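Below: the structure, in structure tokens.
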Protein chains: 2
Amino acid sequence: MMRCSVSAVMGLRERKKLAAWRTIRSTALRLIDERGFDAVSVEDIAAEAGVSRTTFFSYFASKEAVVFDLDPDEVRQWQALLENCRTDTPVWEALTDIALGLARLLADRLPLQKRLLDQSPGLCRTARGACDGFEPELREWLGRRCPDADDVRTALVLNTAMAAFTTAAEAWNPNQPYEEFLELVSDCLRWAGAGLAHPTG
Amino acid sequence: MMRCSVSAVMGLRERKKLAAWRTIRSTALRLIDERGFDAVSVEDIAAEAGVSRTTFFSYFASKEAVVFDLDPDEVRQWQALLENCRTDTPVWEALTDIALGLARLLADRLPLQKRLLDQSPGLCRTARGACDGFEPELREWLGRRCPDADDVRTALVLNTAMAAFTTAAEAWNPNQPYEEFLELVSDCLRWAGAGLAHPTG
DNA sequence: CCGAAAGCCGTACTGAGTACAAGTTCTTAC
DNA sequence: GTAAGAACTTGTACTCAGTACGGCTTTCGG
């Protein structure tokens with residue numbers, strides 16, 4: 001076991017799985033972009049991607065997941081982002097860095113996601129999905145980072161940071177250059193960090 | 001039209017509608033409390049309440065709505081809360097007052113809702129529902145209150161306040177006295193208002 | 001009391017999500 | 001290389017939320 005030839009780096013099975021994942025996802029995004037989220041059924045996606053409906057649901061937990069789930073590569077980057085985080089800076093600064101890192105990580109797909117959210121009412125419910133998917137890992141990270149802190153306070157920090165990120169995502173116009181979004185994220189986190197009871201500074 | 005006899009205060013039609021609403025709602029909460037959200041179908045609720053499935057959906061937009069929607073009486077109280085808000089205090093203070101007023105308004109049902117959320121995975125997705133339902137009106141209120149403010153900043157204030165409220169609701173144990181929850185709401189809003197970048201104060 | 005509006009119900013449909021058994025493809029240990 | 005077995009795919013069949021609609025009953029206004 002664990003031979004080191006090229007094909008053993010990632011077995012045929014794994015490679016096929018990743019390829020299927022990407023085919024399904026890109027097919028789904030294309031169709032949804034063309035017709036709108038509600039006008040595309042899972043059936044349509046599966047057929048167009050050349051798999052069965054059953055298989056679609058073995059890759060994605062729901063129809064919405066196909067819009068929001070991360071590519072395995074991106075998952076690795078996201079994990080690296082959390083791991084390589086400086087531990088000598090204040091928590092809020094570290095969180096800001098993570099938020100900006102995440103924003104950069106999502107640069108390819110967020111504009112599309114934003115457009116879909118803006119036009120597809122059926123997707124609004126999960127608007128938070130764009131960011132909520134990262135909550136469990138972030139929570140864990142925060143717990144490791146501040147093991148002695150008050151639970152409520154920690155949760156508040158996390159939820160507020162996510163609210164700031166979401167606010168930036170909502171305010172941003174996907175036709176603007178991505179830099180604008182990064183600045184919005186930065187602004188929102190700075191404001192929330194400084195305290196919203198104070199007048200704008 | 002517009003006679004002032006007793007029966008004209010609220011026509012028979014309206015009274016029946018309100019009665020039906022309350023019957024459906026209380027039936028639903030009872031069943032869901034007994035068996036869990038996912039183990040109760042809309043069919044069950046409708047049957048037990050003595051109406052048709054169709055009628056259920058004419059009263060509630062979704063199965064989740066029956067858990068979170070406000071009683072018309074509560075809607076009036078909620079609107080009054082927004083209207084009677086002092087305009088001479090800083091926004092964040094006013095928001096804190098509203099949050100506390102809302103918490104008091106929900107005192108009857110929030111413990112039950114919290115219990116349901118804690119145990120019913122199917123409801124988690126809408127966890128925000130407990131508070132998101134108030135967003136549109138709050139947003140409007142904020143817009144009226146600060147017509148000249150930066151849109152992003154305003155949205156951030158709103159989203160952060162809701163995050164604080166949600167954090168309190170998540171942290172609170174429904175078996176604790178309700179006072180604890182009110183204090184949590186107050187704490188979370190105070191912290192967020194003071195700025196999360198600063199150490200606990 | 002009569003017409004119009006509002007409300008209720010049964011029926012029938014779409015589409016998401018799950019369960020499962022049978023078939024296919026890859027892996028691995030020999 | 002091959003055979004046992006794990007992992008993956010697929011079709012089928014089901015449950016349930018949510019929508020559309022036509023017909024019936026109740027209430028309202030005059």
Side-chain angles (χ1 to χ4, degrees), chain A residues 1-24 28 31-32 35-69 120-126 129, chain B residues 1-24 28 31-32 35-69 120-126 129:
Chain A
M1 65 170 69
M2 187 64 75
R3 299 180 315 123
C4 285
S5 75
V6 177
S7 66
V9 172
M10 190 184 279
L12 176 55
R13 193 161 249 164
E14 255 181 300
R15 269 180 287 141
K16 276 195 172 180
K17 224 167 128 73
L18 182 56
W21 190 97
R22 288 187 169 141
T23 302
I24 297 174
L31 290 183
I32 292 174
R35 309 183 205 162
F37 186 78
D38 296 315
V40 177
S41 70
V42 172
E43 188 97 33
D44 295 337
I45 299 171
E48 186 84 5
V51 299
S52 72
R53 231 173 60 90
T54 312
T55 300
F56 174 93
F57 281 112
S58 88
Y59 280 94
F60 299 95
S62 67
K63 187 182 166 189
E64 285 148 14
V66 84
V67 176
F68 293 113
D69 277 7
S120 302
L123 211 49
C124 289
R125 192 182 311 192
T126 328
Chain B
M1 66 172 68
M2 188 64 76
R3 299 180 313 124
C4 285
S5 74
V6 177
S7 66
V9 172
M10 189 184 281
L12 176 56
R13 195 161 245 161
E14 256 180 299
R15 269 180 289 140
K16 275 195 173 180
K17 222 167 130 72
L18 182 56
W21 191 97
R22 289 188 170 141
T23 302
I24 296 174
L31 290 183
I32 292 174
R35 310 183 203 164
F37 185 78
D38 296 316
V40 177
S41 70
V42 172
E43 188 99 32
D44 295 336
I45 299 171
E48 185 85 5
V51 298
S52 73
R53 232 172 61 89
T54 311
T55 300
F56 175 94
F57 281 112
S58 87
Y59 280 93
F60 299 94
S62 69
K63 187 182 166 188
E64 284 148 13
V66 85
V67 176
F68 293 114
D69 276 6
S120 302
L123 211 49
C124 288
R125 190 182 311 191
T126 328

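Here is how names work: the chains are called A, B, and so on, in the same order as the sequence lines, proteins then strands, and each is numbered from 1. Predicted model only: the values in this text are computed from it and were never measured. No hydrogens, no waters, no symmetry mates; every other heavy atom, side chains included, goes into these values.
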Send over the distance from A:F56 CZ to C:dG15 C1', rounded to a whole Å.
13 Å

Between A:F37 (CZ) and C:dA16 (C1'), how many Å, whole number?
10 Å

Which donor-acceptor pairs under 3.5 Å do side chains of residues 36-44 of chain B form with protein atoms, sequence neighbours excluded?
residue : atom : partner : partner atom : Å
B:D38   : OD2  : B:G122  : N            : 3.3
B:S41   : OG   : B:E43   : N            : 3.4
B:S41   : OG   : B:D44   : N            : 3.1
B:S41   : OG   : B:D44   : OD1          : 3.4
B:S41   : OG   : B:D44   : OD2          : 3.2
B:D44   : OD2  : B:S41   : N            : 3.1

Drop me the distance from A:K17's NZ to A:S58's OG, to the nearest 0.5 angstrom.
5.5 Å

Taking the side chain as every heavy atom from C-beta outward, state whether B:T23 and B:Y59 have any atom pair closer than 4.5 Å.
no

Comparing B:A61 and A:A20 on DNA chain D - which has the more 5′ nearest nucleotide
A:A20

Let me know the distance between CH2 of A:W21 and P of D:dC8, rounded to the nearest Å.
16 Å

Starting from P on C:dC9, measure out to NZ on B:K16 and report it in whole angstrom.
11 Å

Between the protein and nucleotides 4-7 of chain D, list every N/O to N/O distance that falls short of 3.5 Å.
residue : atom : partner : partner atom : Å
D:dA7   : O4'  : A:R13   : NH1          : 3.2
D:dA7   : N3   : A:R13   : NH2          : 3.0

What are the two closest non-hydrogen atoms of A:I45 and A:A28, and how far apart are they?
CG2-CB, 3.7 Å

d(CD, B:E14; P, C:dA5) in whole Å
18 Å

Quick one: CG on B:D69 to CD on B:E64, what's the gap to the nearest 0.5 Å?
11.0 Å

Identify the two heavy atoms, one from A:A65 and one from A:A61, that lie closest to each other, and give their separation to 0.1 Å.
CB-N, 4.0 Å

Could you check whether any side-chain N or O of B:R53 sits under 3.5 Å from a backbone N or O of B:A46, counting only pairs where one atom can act as donor and the other as acceptor?
no

Nearest-angstrom distance from the residue atom CZ of B:F57 to P of C:dC8:
15 Å

Which nucleotide in the list D:dG18, C:dG17, D:dT26 gets nearest to the side chain of B:K63?
D:dG18

Given atom CG of A:D44 and atom P of C:dT14, what is their separation to the nearest angstrom?
13 Å

Looking at D:dC8, I'd like to know if its phosphate oxygens (OP1 or OP2) sit under 4.0 Å from a side-chain N or O belonging to A:Y59.
no

Could I get a table of every N or O pair under 3.5 Å where one atom is in the protein and the other is in nucleotides 10-12 of chain D?
residue : atom : partner : partner atom : Å
D:dT10  : OP2  : A:S52   : N            : 3.0
D:dT10  : OP2  : A:S52   : OG           : 3.3
D:dT10  : OP2  : A:T55   : OG1          : 2.5
D:dG11  : N7   : A:T54   : OG1          : 3.3
D:dG11  : O6   : A:T54   : OG1          : 3.2

In whole Å, I'd like the distance from the CZ atom of B:F60 to the P atom of D:dC16.
20 Å

Which value, rounded to the nearest 0.5 Å, describes the distance between A:L31 atom CG and A:E48 atom CD?
5.0 Å

